[in-house]
Amino acid sequence: MKKLVLIDGHSILNRAFYGVPELSNSQGLHTNAIYGFLNIMFKILDEEAADYIAVAFDLSAPTFRHKEYAEYKGTRKSMPDELREQVPLIKDVLSSMNIPILTKEGYEADDIIGTIAKRYQSDEVFVSVISGDRDLLQLSDKHIKIRIPKTSKGVTTIHDYLPEDVMDEYGVTPKEFIDVKALMGDTSDNVPGVPSIGEKTATKIIQEYHSIENAIEHVDELKPPRASKALSEHIEDAKFSKMLVTIVTDAPIETDISDMEVGNLYTKESLEWINKLEFKSFLKRYENVETEASIELDTSVIDKQDAWESLYTKLKEAKEFGISVCLEETAVKSYHENSLYAISVTLENKSYIIKDMENISDILEEIIRLDARKYILSLKPLIKLVKDMKAAKNFYDISVAAYLINPLKDSYFVEDIARDYMESACSSKSEMIGKAKLDEVLRFNDEKAINYFATESYVALHSEENILAKLKDLELTELYENVEMPLIYSLAKMENTGVRVDEERLKKYADTLLEKIAKLEESITRKAGESFNINSPKQLGEILFEKLKLSGGKKTKTGYSTAADVLEKLAPEHEIIRDILEYRQLTKLNSTYATGLAGYIREDGRIHGTFNQTITATGRISSTDPNLQNIPVRTEMGSKIRDIFVPKEGYVFVDADYSQIELRVLASLSGDEKLIESYRSAADIHAATAAQVFHVPLDEVTPELRRNAKAVNFGVVYGISAFGLSEDLSISRKEALDYINNYFKIYGGVKKFLDKQVADAKEKGYVKTMFGRIRPIPEIKSSNFMTRSFGDRVAMNSPIQGSAADIMKISMLKVDEALEKSGFDARIVLQIHDELLVEVKEDEAAKVSELVEKAMKEAVSLKVPLEVDAHIGKTWLEAK
DNA sequence: ACTGTCACG
DNA sequence: ACGTACGTGACAGTT
């Protein structure tokens, strides 16, 4: 038996649009509906093994069924722009897959589907109709299955309806289903129906009389009397509704089923679309497709000294080349052991893979000293291998450049750079070598591995021109050359240095935690009356809100919320709550910090995390493996973990942090005289704000008023909203709004500045920091209120957070430089957004503390002074 | 792979 | 009417 799949195009696209979260490609094109559509289609095709397929679309012209009431169609809600722009695209994508698109002047997609389905269904052909619209259930038949996809929690499940399923769910046959719908009406579809007859009554009537016509004949006998009266008064409405609901099954559509035969979906053209739309998850379906635009590589392996020497001669004369390194990923040795395995170099159009050379480290040292401009996708891993980083000159990091151009992307891998800056497709690492480790497959000269590794240096070299030109266009060159590029060296040094942890103390800390956790667990089990997994929000919710009947209010998508702020409010209701909150805190400390950090300690007794330069939207650095930027400090028990971070013997820490850098940045950026004046004179900025906003003398500011003012200051930095502030302070929205208005009345310059950011973002699509860093804000043009409001707040926050990030980066460079020049035995070990932790020889601590403080204060010059607090200590906790 | 929670600035 | 404060990353549980 053959299978025919018919898809209701607009309906599925609509479902996909609302079911898939916002998604867009790097050009800012919205793609979520197309993504969802293809997901559903692929899923259906995979499981059905369809022989025939077609997709039906409405045309915009009035349809036959509705033509006399054309204006009534016009009252339908118009499509959001984000969806509208995707409609022509999905048609192009389908065409590229050789899937026929069916439309017919004067008919809706429903009618086309109805006609085709009834025309071809037979003992030989089984039809599946894919739609989100339940009206199509009327088409269900012995050989026609209606399939309705439902996406919730990101998972798509499909509900199938054969006639018996319609009967089960609605108690009527598919044919009778028309009459039920017609009687009850459908406001969203502008079907009037009969007033006061709903689903229940309609079903009862049709179950008894089987059709509207028959019910009208027996209208006097109808029960309840209310329905009888309603129908008799609205006979025309009922008939009209039925006409609207009834799908045409004999439309004059010329088709030939052979045109719908499923051919090769995975054509070159459709691959181009998938690449253009940036649907990476679909790419594996195209594995066997030859990509025409793919890069042609001319590679050779260098594994002999004389071959290297002849290449070296060429490199010495070269003006520029691309380079990449491959590390040994497998053996985790002591941290400083060299783990370089291979080097890829592209000179003009020829790529060389240098590998299996005893002296590969020396080769690298020679290469980095060459005069040529050297382009690399990611410099940090290379530079970390080099003995004298300062000797490495003339490097251009391509991914950092791409990040400055668009910091919103989630990766800057070779395929991303090739797509965005070379207009050619190239395969990703996983497409080329799967899950294998590059060094391992390179070892036996695997062709794909060689090719992949060569593309890394090839793309670095050949994307350079476009990418640097784009940087220049956006006025980012200075930031790139003077801040981001040099910063790579500072970050590399910091990673190589690592931070020491006292393993013994860590162990003791973990034991203390485990003891307390065990006691709490016992207490919670006793108070709950049963043992359960406290870490499971689901089980915990059931215990608290069902078994113990606590007043569970706030719900999440999946169940009760058991977040700390919710539990906090429940604390007076049951003594178990305190225990749970403490249990949560301690298990977090144990799993993420005590146990978690222990696993990162290397043979040198230090943790060498990674500091990422191309992750955040605002320009901040991020920290991973482990995250050293979220080590606890706010609670007493938590802050104890900082006592295990220690300097090496004979050294101490200097911890230096900016005081309220973001508010100072705001004062400077906005030029608000009052705020600037506050910073020049006042010691306590929150108190000063309180005095101004609440009209009280500075010495009469109560802690309460100060707390409120502090919240307002935070709110301003985050992109203020009355709602957010009211939540934070547990006050009414009206009061919050009063605070905000008061604030803006006093600090008019701030208001003006924030408004300007939003206006700029709306006009240009991005905002900029003090040093020209760009943050694109695609959300600001959204037609969705919530998304757009988010865009507004981001427009206000990004220049502030981003400028502070710029300042810290410049500051790191200056501190680094000053330390180096001074010859002190000291180095930066951590950066935590507005804080630097420096390890220094004990007898130089005081001088270094002063030097760091000075370098940070003078890093940049703002309209207000920058203040830095620096402390010396034997542990991180002590130094803070 | 996603969700909820919670650690930081 | 809409329903949130901005920026991150890790872990445990669930799908």
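Lettering follows sequence order; numbering is per chain, from 1. All figures in this text were calculated on a predicted structure; none of them were measured in a lab. Just so you know, these numbers use all the heavy atoms, side chains as well, and skip hydrogens, waters and symmetry mates.
Between A/Gln660 atom CD and B/dG9 atom P there is a gap of 14 Å when expressed in whole angstrom units. Rounded to whole angstrom, the span from the CZ atom of A/Phe723 across to the C1' atom of C/dA1 amounts to 13 Å. Rounded to an integer number of Å, the gap from A/Tyr583 OH to C/dA12 P is 11 Å. Here B/dC2 presents its P atom at 11 Å from CG of A/Asn39, a figure rounded to the nearest Å. Rounded to whole Å, the distance from CG on A/Asn535 to C1' on B/dG4 is 12 Å. Separating the CD1 atom of A/Ile631 from the C1' atom of C/dG9 is a distance of 11 Å, rounded to the nearest angstrom. The separation between A/Leu877 atom CG and B/dC8 atom P is 13 Å, rounded to whole Å. Computed from coordinates, the A/Leu586 CG to B/dA7 C1' distance equals 14 Å when rounded to whole Å.
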Does the pair A/Glu522 and A/Lys519 meet the rule for a salt bridge (Lys or Arg N to Asp or Glu O under 4.0 Å), with working shown?
-> CA-CA 5 Å; A/Glu522 197 270 329; A/Lys519 279 189 193 145; over 6 Å; no

Show your working on side-chain hydrogen bond (donor to acceptor under 3.5 Å, both in side chains) between A/Tyr560 and A/Glu546 and close with a plain yes or no.
-> CA-CA 10 Å; A/Tyr560 304 103; A/Glu546 282 166 30; 3.1 Å; yes

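A/Thr875 and A/Arg505 share no side-chain donor-acceptor pair at under 3.5 Å. A side-chain N or O of A/Asp416 and one of A/Ser411 form a donor-acceptor pair less than 3.5 Å apart. Using modelled atom types, one finds a donor on one side chain and an acceptor on the other under 3.5 Å when comparing A/Thr635 with A/Gln585. Side-chain contact annotation: A/Ser732 with A/Glu735, donor-acceptor N/O pair under 3.5 Å present.
At least one side-chain nitrogen or oxygen of A/Arg634 sits closer than 4.0 Å to the OP1 or OP2 atom of B/dC8. Of the side-chain N and O atoms in A/Thr787, none sit less than 4.0 angstrom from OP1 or OP2 of C/dT4. Phosphate contact (OP1/OP2 of C/dG7, side-chain N/O of A/Thr618, threshold under 4.0 Å): absent. Using a 4.0 Å cut-off, no side-chain N or O of A/Asn533 falls inside it from OP1 or OP2 of C/dA12.
The residue A/Gly715 sits close to a base: some heavy atom pair falls under 4.0 Å. Nucleic acid contact class of A/Ser623 (heavy atoms, under 4.0 Å, all strands): sugar-phosphate only. At the heavy-atom level, A/Ala805 lies nowhere under 4.0 Å from the strands shown. A/Glu662 comes within 4.0 angstrom of no nucleic acid atom, judged by non-hydrogen atoms across all strands. Note on A/Leu589: nothing from the nucleic acid sits closer than 4.0 angstrom, heavy atoms only. The residue A/Ala736 sits apart from the nucleic acid: no heavy atom pair falls under 4.0 Å. Among the protein residues, A/Asp834 comes within range of the sugar-phosphate backbone only, with heavy atoms under 4.0 Å from sugar or phosphate atoms but none that close to a base. Using a 4.0 Å heavy-atom distance criterion, A/Ala804 is classed as making no nucleic acid contact.
Within 3.5 Å, no donor on the side chain of A/Arg775 pairs with an acceptor on the base of C/dG7, nor the reverse. Remark: the A/Arg584 side chain and the B/dT5 base include no donor-acceptor N/O pair separated by less than 3.5 Å. Below the 3.5 angstrom threshold, one finds a donor paired with an acceptor across the side chain of A/Ser721 and the base of C/dT4. One can find a donor-acceptor pair under 3.5 Å joining the base of B/dA7 and the side-chain atoms of A/Asn630.
Taking the ring centre of A/Tyr658 as origin, the terminal cationic atom of A/Arg664 falls outside the region bounded by 6.0 Å and 45° from the ring axis.
When each of C/dT8, C/dG3, B/dG9 is scored by its nearest atom to the side-chain atoms of A/Gln801, the top-ranked nucleotide is B/dG9. Checking B/dT5, C/dA12, C/dC6 against every side-chain atom of A/Arg793, the shortest atom distance belongs to C/dC6. Nearest to the side-chain atoms of A/Ser536 among the listed nucleotides C/dG7, B/dG9, C/dT14 stands C/dT14. Residue A/Thr616 has its side chain nearest to C/dG7 when only C/dA10, B/dC8, C/dG7 are considered. The side chain of A/Lys880 approaches B/dG9 more closely than any other nucleotide in the set C/dG3, C/dG9, B/dG9. Distances from the side chain of A/Asn627 to the nucleotides C/dA10, C/dC11, B/dC6 place C/dA10 closest. Checked against B/dG9, C/dG3, B/dT5, the side chain of A/Arg733 finds its nearest nucleotide in C/dG3. Distances from the side chain of A/Tyr593 to the nucleotides B/dT5, B/dA7, C/dC6 place B/dA7 closest. When distances are taken from the side chain of A/Lys588 to each of C/dA10, C/dG3, C/dG7, the shortest belongs to C/dA10.
For the pair A/Thr592 and A/Phe790, both in contact range of DNA chain C, the more 5′-proximal nearest nucleotide belongs to A/Phe790.
With P as the reference atom, B/dA7 and C/dC2 are 32 Å apart, rounded to whole Å. Between C/dG3 and B/dC6, the distance separating the two P atoms is 24 Å to the nearest Å.
C/dA1 is unpaired under the criterion used here, namely a Watson-Crick or G-U wobble arrangement in which both key atom distances are under 3.5 Å.
Counting heavy atoms from C-beta on, the side chains of A/Arg706 and A/Asp684 come closer than 4.5 Å.
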